[in-house]
Protein chains: 2
Amino acid sequence: MKKITIKEVAKEAGVSIGTVSRVFNDYPDISEETRKHVFEIANKVGYSPNLAARALSSKRLKTIALVFNDLVYQPKYTFPMSILNGVLDYAESQNLEFAFYAITTQKQKEKTYEQFCSERDVTGVIMQGLHQNDPYIEQLKTTRVPTVLIDMPVNDNQCVGSITTDNVTAAKDAVDVLIKGGYKNIDMMNGTYDATVSILRERGYKKALTDAGFEVNSSLIQYANYDEQIANLMAKQALQQNPTIDAFFCASDIMALGVLQALKDVGKKVPADVGVIGFDGLDLGAYVSPALSTVAQQPYEFGREAGRLIQELTDGPQPETTIERHVPYNLIRRETTR
Amino acid sequence: MKKITIKEVAKEAGVSIGTVSRVFNDYPDISEETRKHVFEIANKVGYSPNLAARALSSKRLKTIALVFNDLVYQPKYTFPMSILNGVLDYAESQNLEFAFYAITTQKQKEKTYEQFCSERDVTGVIMQGLHQNDPYIEQLKTTRVPTVLIDMPVNDNQCVGSITTDNVTAAKDAVDVLIKGGYKNIDMMNGTYDATVSILRERGYKKALTDAGFEVNSSLIQYANYDEQIANLMAKQALQQNPTIDAFFCASDIMALGVLQALKDVGKKVPADVGVIGFDGLDLGAYVSPALSTVAQQPYEFGREAGRLIQELTDGPQPETTIERHVPYNLIRRETTR
DNA sequence: GTGAAAGCGCTAACAG
DNA sequence: CTGTTAGCGCTTTCAC
């Protein structure tokens, strides 16, 4: 394909390239006449300013990037797609230049966060899927690149904000549902023990128990790595060691699915014998039977909020203090709880 | 953040920027000594070549783009994410520069396909979600930009290839399952009447019927726009008008879900009274009960194949003839068919 | 083997 | 209001 550059347009329109540039950048001091004429010609020859050139020569082209870390092929886990949709829609609504990138922990080791950003001229990034020990976590403490972390707390750097569900409260609410349902021996099927959300949800679980006057029994907490199969196995094992367990609070819906299957496998009735509540609000949960009770997060809103925040961070003044925003969650009571 | 440019590295290393550039571009005529030295310095100061500048000055930086058209927020529909994963993994494995973009039919009207591509310096694009009447469809007939279409036939332009499931055969296979199950009055819940895949799947449906010696009755075909709710309504209506219907072939799993619900609503037993088979192979189908029989496409493989093909198209010689590749599908018999 | 210099397409002073 | 020109950061001849 033949590239149409600003020169072609300038020549064709009989003006200088400077003028064409001004027209395309909405400079005020251009006669209405030439503006129109230039646009006409540009349209005729099919001209579109090259973004790379623009980024190079201008200091004011802003592009915000959404970056997913360690995105693995897991179709059931629809969170990333929802987040993507959210920031996409927001970027679109604000006419922001948007870019998407996928990285891995490995890549983080090969290139620093600042390098990654300067390489691609991003002015702000929305980051999802970072792990506790990723190299970028450390670098994020001192970076000057406006960043918003999704589902991960920030390290008091004013440049970086965060968007999360209030995991502690949400988890407590979920466990409260179980408690109010009359379940007495509530197990927690947690994810990875060192993930922030796991820690927070576990805190909520314990708080609910304590507040209700129950004992917290650490043998009633398993870590199934957010994996359906492992959760299935661990649930069976827990049930065997602790036959009095009559409810499971799962740190993710995917694990809840595994637990539900385990219950089916060992012949327990849900929600009569044992109650189950998940976390996330995947659509999947509404289709299984019995339908899964859960605390639904709003990943699409995460995306929108993240977009809003990154825009504030890149355009507005430096905030006085680190910004952490919660997006609301919904307790959904379906058929796995009484 | 302070940008580290090639200049810094050159100065620090005591060589010219040309040399640094050569080192980073693996030119052979560089002494091993300076090569090492330059890399060392670059590493020390945290230098990473700027991609925009690179794209501008070099004619050989290739970046392939995955573009989704009219991506709407539909978490149940996990196809796009799977495709994304597939091309991401392929691009990663081949070290291809990758970019993702979302467009809309509206945007297609504002900017031509060539403009879109030259604006962002893409050398090849993988396109998903195009509709029959989108402006780009017409422009794709004559474009010189290597393109691969997912789930859409090509218009004999050697620059553009396509990756699809063999929809006709797959649909026929699905209907054959129904026929072999002894169902006699098979309804087809199709999507939009003018989408290519709809047309193809309908063709397969008719072929299966004809081959089996059945009549094709067009009043037994509905168009539910690939929507769960609409499918639900239409199924009920079809059943009312045609009480002898004893099976539904659905052009998508999402619609099959709606049909299943409709059957539940009117008290029909599945698969005893009526059989249902879907199309797509969403994970969701495995969790509903009765579990949905379906023909599973492999969207992740679509992504990988598309990556492979776009690479051939951009690197290899122009193919003699338009390339259309099928990726295999799997007939999954679960509980909604006998 | 390596430096110097001419662009790549565009923006942003600086004149006029 | 508009033309001219100096870069932006990098690649790529062309010399030496």
Side-chain angles (χ1 to χ4, degrees), chain A residues 1-39 41-42 45-63 97 114-115 117-123, chain B residues 1-39 41-42 45-63 97 114-115 117-123:
Chain A
M1 84 206 172
K2 170 125 178 4
K3 253 195 186 167
I4 312 276
T5 74
I6 198 171
K7 269 190 208 154
E8 265 79 16
V9 182
K11 191 164 57 171
E12 191 83 9
V15 298
S16 74
I17 62 167
T19 301
V20 177
S21 174
R22 282 183 206 105
V23 168
F24 270 83
N25 287 285
D26 288 323
Y27 273 60
D29 53 352
I30 286 282
S31 79
E32 190 51 36
E33 192 180 356
T34 48
R35 167 190 306 293
K36 259 191 155 148
H37 182 223
V38 167
F39 270 138
I41 298 293
V45 300
Y47 168 72
S48 250
N50 180 278
L51 287 176
R54 225 167 177 163
L56 241 201
S57 67
S58 164
K59 285 301 103 196
R60 60 197 239 306
L61 176 65
K62 301 199 169 164
T63 119
E97 201 51 45
E114 307 274 335
Q115 275 180 301
C117 294
S118 91
E119 183 172 294
R120 347 196 78 112
D121 289 315
V122 306
T123 52
Chain B
M1 85 206 170
K2 170 113 178 17
K3 252 196 187 166
I4 311 277
T5 75
I6 199 171
K7 267 190 210 156
E8 265 78 17
V9 181
K11 190 162 59 170
E12 190 82 10
V15 297
S16 73
I17 63 168
T19 300
V20 177
S21 174
R22 285 185 201 102
V23 168
F24 269 83
N25 288 284
D26 289 323
Y27 273 62
D29 53 351
I30 286 282
S31 78
E32 190 50 36
E33 193 181 356
T34 49
R35 166 190 307 294
K36 260 191 154 146
H37 182 224
V38 168
F39 270 138
I41 298 293
V45 300
Y47 168 71
S48 252
N50 180 277
L51 286 176
R54 221 164 179 167
L56 240 202
S57 64
S58 164
K59 283 301 101 194
R60 59 198 240 305
L61 176 65
K62 301 199 169 164
T63 119
E97 202 50 46
E114 307 275 334
Q115 276 180 300
C117 293
S118 91
E119 185 172 292
R120 346 196 77 114
D121 289 317
V122 306
T123 51

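Here is the naming used below: chain letters follow the sequence lines, and residue numbers restart at 1 for every chain. Keep in mind the model is a prediction, meaning the values are calculated, not measured.
Note on K3(B): every side-chain N or O is 4.0 Å or more away from OP1 and OP2 of dC8(D). Applying the 4.0 Å criterion to OP1 and OP2 of dT11(D), one finds that S21(B) has a side-chain N or O inside that range. Between S16(B) and dG3(C) there is a side-chain N or O to OP1 or OP2 distance below 4.0 Å. For the pair T19(B) and dG3(C), the criterion of a side-chain N or O lying under 4.0 Å from OP1 or OP2 is met. Under 4.0 angstrom from either OP1 or OP2 of dC1(D) there lies no side-chain N or O belonging to Y27(A). Applying the 4.0 Å criterion to OP1 and OP2 of dC10(D), one finds that R54(B) has every side-chain N and O outside that range. Taking only side-chain nitrogens and oxygens, Y47(A) comes nearer than 4.0 Å to OP1 or OP2 of dC10(C).
Using modelled atom types and a 3.5 Å distance limit, the side chains of E119(B) and S48(A) yield a donor-acceptor pair.
To the nearest 0.5 angstrom, L51(B) atom CG is 11.0 Å from L56(A) atom CG. Distance check: E12(A) CD to I4(A) CD1 gives 9.5 Å after rounding to the nearest 0.5 Å.
Of the candidates dC10(C), dG1(C), dC1(D), dC1(D) carries the atom nearest the D29(A) side chain, counting heavy atoms from C-beta on. Closest to the side chain of S31(B), out of dT2(C), dC8(C), dG9(D), is dT2(C). Candidate nucleotides dC10(C), dG9(D), dT11(D) were compared by shortest atom distance to the side chain of T5(B), and dG9(D) ranks first.
For the pair H37(B) NE2 and dG1(C) P, the interatomic distance rounds to 18 Å; values are reported in whole Å. If you measure from atom CD1 of I17(B) to atom P of dG1(C), you get 21 Å, rounded to the nearest angstrom. In this structure, the CG atom of L51(B) is 15 Å from the C1' atom of dC8(D), given to the nearest Å. Taking atom CZ on R60(B) and atom P on dT11(D), their separation rounds to 8 Å, with Å as the unit.
Listed for the Q115(B) side chain is a donor-acceptor partner under 3.5 Å among the backbone atoms of Y47(A).
Within 4.0 Å (heavy atoms only), V15(B) reaches sugar-phosphate atoms of the nucleic acid but no base atom. Across all strands shown, S58(B) has heavy atoms under 4.0 Å from sugar-phosphate atoms exclusively, and none from any base. Within 4.0 Å of N50(B), counting heavy atoms only, lie sugar-phosphate atoms of the nucleic acid but no base atom.
Of the residues near DNA chain C, L56(B) and R35(B), the one whose nearest nucleotide (by heavy atom distance) lies more toward the 5' end is R35(B).
You'll find a donor-acceptor pair under 3.5 Å spanning the side chain of R22(B) and the base of dG3(C), going by distance alone.
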